[in-house]
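So that the names make sense, note that chain A is the first sequence line, chain B the second, and so on, each numbered from 1. Note that the structure is a prediction, hence the values are computed from the model and not measured.
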There are 2 protein chains.
Amino acid sequence: MLEIRHLKTLHALREADSLVDAADRLHLTQSALSHQFKELEERMGMPLFVRKTKPVRFTSAGLRLLQLADATLPLLRAAERDISRLAGGTAGRLHMAIECHSCFQWLMPTIDQFRDAWPEVELDLASGFSFAPLPALARGDLDLVVTSDPLELAGITYVPLFTYEAMLAVANQHRLASKPYIVPEDLLPETLITYPVERDRLDIFTRFLEPADIEPAQVRTSELTVMMMQLVASGRGVCGMPHWALHEYSSRGYVKAKRLGEKGLFATLYAAIRADMLDAPYMRDFLLTAKDTSFSTLDGVSAVR
Amino acid sequence: MLEIRHLKTLHALREADSLVDAADRLHLTQSALSHQFKELEERMGMPLFVRKTKPVRFTSAGLRLLQLADATLPLLRAAERDISRLAGGTAGRLHMAIECHSCFQWLMPTIDQFRDAWPEVELDLASGFSFAPLPALARGDLDLVVTSDPLELAGITYVPLFTYEAMLAVANQHRLASKPYIVPEDLLPETLITYPVERDRLDIFTRFLEPADIEPAQVRTSELTVMMMQLVASGRGVCGMPHWALHEYSSRGYVKAKRLGEKGLFATLYAAIRADMLDAPYMRDFLLTAKDTSFSTLDGVSAVR
DNA sequence: AACGATGTTGAGTTTGTCTCATGTTGAAGG
DNA sequence: CCTTCAACATGAGACAAACTCAACATCGTT
């Protein structure tokens, strides 16, 4: 019924003073616009503008459509721009979210380096713990999600970034500090400190305690890593944490990092992206950069690749 | 390039699970959609969705266009609805603004009565002193402006509502209280209280003091009528005001209302509307209702018609 | 292997949109 | 009053776009 062409014509007509002028701007003949308006006004059942004045004057209906044009044409242009960027490949959008509390540390250098290489790519990082990032990724609101549990989802692929060891932080003089490694039973009398997220997203529960059917004496949460370290150092609890996030504290003798289980508890961080984005050159490069920089920033911390 | 048809098709495709289904919903053949997408994807330079899955899966580009569709299609529908209401005539929009501080008094009954008669008309009243209402009227953001100075503007017509007398409020024991009428010179030693608007929108200046080249000793402003009456009653100034706005106070002996000039100072309130809205039945009715109710509410106050 | 459901493709038809040529209208000026 | 000019309207025809139809390809299912 109503077409974009009509909105563009109305818009041009407002800029110009007459049909003749507007036709010029649109690279059409005056006749074309005349026909176009005749038909549109017929369909609308009312005139859209007064022709006999200079400049032309719009009727209420015409003004309403102009309002629509003002609202929609910019959206349209923006979308077309985004699409042609996507097609071009050297530009685009990369909106990220991280599910992992301690990922800034290695992601920031990645982003900095990437920004230099691809200045045309619109970067955004939402530390969105407030919403479910994977559906947003599938919906197209996000372009990359850093996560450690790759749940099967149509159209989403997971690119492994690096593997790390989850360890247990305990106070230096803690009774467990001298053990070569921790077994689930060791945590029975302990207070376990975690980030405030669902249990099934915490490896220490899903892959260490729950298989052994062990529940710690108490579980408390904290939002900030420093805060957690403080609690651990003062002997008020223990906490599971990636080795590299712990390194800053354990290397200075603030807390001790203990292996979980005899063979250690290893987990992998993945970049979740929509499958078709694997082809985008800037995405490939981002993933490579992420692997590289995570390797070098976490180097001294013995990241397992 | 990109057409509304495409957005509608994409939208339908998301609701449906397949091209066949989507085609049904759009009352087209599946072949039509296949052709449509083939051409669109060619133009965009990339696929928009994956066909081999059920339900279909959109690519990043497809998701971007869906996002556009979600943003624009509702706007489009709303505009089309507004237009057909306009054409129908029994429904529509009536967004008003009043330039006049004391107009609520008679406008409110008008609106109440009108709302009953035309429930389908979307009413809104902005007491917008914050912006210029007449350009907004011409632009289509407003549909009716109540004003007392009809300034010439293309496409805007002014419908007179009623004429009222501007009078001077003075304290009961004021030296001017006993005069039969006020002359400009009387205000030379006085403090004049006005609403906080530009002088050239105040009749007492433009049509009483300035023609006689008289400037009061002092001018102070107040936003509220009650406040002004308080100041007047306590002898701290005088103030010009429509007779009907004054009536509430003068009839109770709180202040005295004096005629301005021997023959009185009369002004007319107009409804400014876009010329073509004169034909809309609900607009005609609103104007009649406004005249009627202004007459009856201001009746005992001797409004001049 | 056969079938049904889904999507693609090419040909042909319909519909729509533009241009060109010409007609109409209204304002300005002699 | 008539001419002139500019703006817009209108009709015919050219052309392109978008659809349908029919035939074919593909894939998962029975």
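Between B:R51 and C:dT6 there is no side-chain polar atom (N or O) within less than 4.0 angstrom of OP1 or OP2. One finds no side-chain N or O of B:S34 lying less than 4.0 angstrom from the OP1 or OP2 phosphate oxygen of C:dG7. In this model, the phosphate group of C:dC18 is approached by a side-chain N or O of A:Q36 to a distance below 4.0 Å at OP1 or OP2.
Relative ring orientation between A:F49 and A:F58 is described as tilted, the plane-to-plane angle lying within the 30° to 60° band. Classification of the B:Y270-B:Y158 ring pair by plane angle, with boundaries at 30° and 60°, yields perpendicular.
Where B:T53 and A:E3 meet DNA chain C, the nucleotide closest to each residue was compared, and B:T53 sits on the side nearer the 5' end. Nearer to the 5' terminus of DNA chain C, by closest-nucleotide assignment, is the contact made by A:R5 (compared with the other of A:K52 and A:R5).
Residue side chain B:S31 reaches the base of D:dC21 through a donor-acceptor N/O pair under 3.5 Å, judged by distance alone. Contact annotation: side chain of B:E39 to base of D:dA18, donor-acceptor pair absent below 3.5 Å. One cannot find a donor-acceptor pair under 3.5 Å joining the base of C:dG16 and the side-chain atoms of A:H35.
In this structure, CZ of A:F37 is placed 19 Å from P of C:dG16, rounded to the nearest angstrom. Between the P atom of C:dG7 and the CG atom of B:L48 lies a distance of 15 Å, rounded to the nearest Å. Separating the CD atom of A:E41 from the C1' atom of D:dA9 is a distance of 12 Å, rounded to the nearest angstrom. Atoms CG (B:D24) and C1' (C:dA5) sit 13 Å apart, rounded to a whole Å. Atom-to-atom, CG of B:D17 to C1' of C:dA5 comes out at 13 Å; the value is rounded to the nearest Å. Put simply, CD1 on B:I4 is 16 Å from P on C:dG16, counting in whole angstrom units. What separates CG of A:L28 from C1' of C:dC20 is a distance of 14 Å, to the nearest Å. D:dA18 atom P lies 13 Å from atom CE of B:M1, rounded to whole Å.
The side chain of B:T29 lies closest to D:dC21 when the candidates are D:dC21, C:dT6, D:dC8. When distances run from any side-chain atom of A:V56 to the nucleotides C:dT9, D:dC8, D:dT10, the shortest one goes to D:dC8.
Among the protein residues, A:L33 comes within range of no part of the nucleic acid, since none of its heavy atoms lies under 4.0 Å from any strand. Heavy atoms of B:S18 sit under 4.0 angstrom from primed sugar atoms or phosphate atoms, though from no base atom.
In terms of heavy atoms, A:A22 sits closest to A:A16 at N-CB, 3.4 Å. Closest of all the heavy-atom pairs between B:M283 and B:I273 is CE-CG2, 3.8 Å. Scanning both residues, B:L137 and B:A272, for their nearest heavy atoms gives CD2-O, 3.4 Å.
Screening residues 12-41 of chain B for salt bridge (charged side-chain N to carboxylate O under 4.0 Å, His left out) gives B:R14-B:D70, B:E39-B:R43, B:E41-B:R51 as the qualifying pairs, with residues at least two apart or on separate chains. Judged as a salt bridge (charged side-chain N to carboxylate O under 4.0 Å, His left out), the pairs with a partner in residues 139-152 of chain B (not counting sequence neighbours) are, in order, B:R93-B:D143, B:R139-B:D141, B:D143-B:R274.
When atom types are taken as modelled, the side chain of B:T72 and the backbone of B:L68 share a donor-acceptor pair closer than 3.5 angstrom.
Consecutive Watson-Crick or G-U pairing (both distances under 3.5 Å) extending over three or more pairs maps onto DNA chain D as C:1-30 with D:1-30.
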